[in-house]
Amino acid sequence: SAEQLGFFSSGLVGLTSVIVFMIAVVVAGRIVKPVLHLSEVAGLAAAGEIVVGSMNIDRKDEIGALVRSFVRMNQSVQEMTHTAEQIAEADLTVVVTPRSEKDALGKALANMVENLRDQIRQIVKGADVLAVTASEILTATAQLAASSSEAAVSVSQTMTTVEEVRQTAQVSNLKAE
């Protein structure tokens, strides 16, 4: 009976080992698989690729909390990417609201939009000044042209008078001789 008890103990240990191994494989699969997926998606995001896909967030454990946090982070990056694309397309009507006081990317985008708006305002002011200056130059040129025309008439009249005086002087000179 000691032999049967040894057999039974060995069988029980073997069966327990198989059950423990199977439970470990299942638990490891439920933990490792989502973590590996998150790691893969994080690697893609680090390389600049925004991954849009479904991730199982039905879990109520720490892995589920991690997945939900990662999904929120990914959505935030997608939204900021969309905002940056709007800015790149010269849409400065976009409203950038940093998500928190420590949102460095949100603050940087908001500052970029405001700086670009200021530069546009300065360019418009410069164009307005340029338009006024061009108008003043046009007016001055017209006045100069009018003055030149008047001067040409005066010179022409003076030439006529000089010619008349010369002819009169010649006639007087011939009579005096």
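Just so it is clear, the model here is predicted, and its values are computed rather than measured.
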One should read off an interatomic distance between Ile137 CD1 and Leu130 CG, to the nearest 0.5 angstrom, of 8.5 Å
Testing the 3.5 Å rule here: is there a donor-acceptor pair between the side chains of Gln75 and Glu79?
no
Can a donor-acceptor pair be found, under 3.5 Å and without considering hydrogens, that links the side chain of Thr16 to the backbone of Leu12?
yes
Hydrophobic cluster membership, with links at side-chain heavy-atom distances under 4.5 Å among I/L/V/M/F/W/Y: are Val41 and Val32 in one? no
(request) Inspect the surroundings of CD in Glu62 and state if more than 12 heavy atoms from other residues, nucleotides or ligands are less than 6.0 Å away. (result) no
Would you kindly confirm whether Val25 and Leu36 end up in one hydrophobic cluster when ILVMFWY residues are joined by side chain heavy atoms under 4.5 Å apart? no
Taken to the nearest 0.5 Å, the spacing of Ile123 CD1 from Lys125 NZ works out to 12.5 Å
ask   = Would Met73 end up clustered with Leu105 when hydrophobic side chains under 4.5 Å apart are linked, directly or stepwise?
value = no
Donor-acceptor contact below 3.5 Å, side chain Lys107 vs main chain Lys102: no
In terms of heavy-atom contacts, Pro98 and Asp103 come closest through CA-OD2, 3.4 Å
- prompt: Okay, side chain of Arg117, backbone of Leu92: is any donor-acceptor separation there less than 3.5 Å?
  reply: yes
* Inspect the contact between Arg121 and Glu114 and indicate whether a charged nitrogen and a carboxylate oxygen are less than 4.0 angstrom apart. => yes
Q.
Please check: side-chain N/O of Ser148 versus main-chain N/O of Leu144, any donor-acceptor pairing under 3.5 Å?
A. yes
Distance col, row Leu138:CG vs Thr133:OG1, nearest 0.5 angstrom, shows 12.5 Å
OG1 of Thr168 to CD of Glu163, rounded to nearest 0.5 Å, is 9.5 Å
Rounded to the nearest 0.5 Å, the CD1 atom of Ile87 sits from the CG atom of Leu116 at a distance of 7.5 Å
Rounding to 0.5 Å, atoms CD1 (Ile23) and CD1 (Ile19) come to a distance of 7.0 Å
Side chain of Thr139, backbone of Ser135: donor and acceptor closer than 3.5 Å?
-> yes
Open item on the list: Hydrophobic cluster membership, with links at side-chain heavy-atom distances under 4.5 Å among I/L/V/M/F/W/Y: are Val27 and Val35 in one?
Closed with: yes
* To do: Verify the cluster assignment for Val77 and Met112: are they in a single hydrophobic cluster under the rule of side-chain heavy atoms below 4.5 Å apart?
  => no
Nearest heavy-atom contact between Gln86 and Val94 is OE1-CG2, 3.4 Å
Note to self: With a 3.5 Å distance limit and no angle check, can you tell me whether Ser76 reaches the backbone of Arg72 through a side-chain donor-acceptor pair?
What the structure shows: no
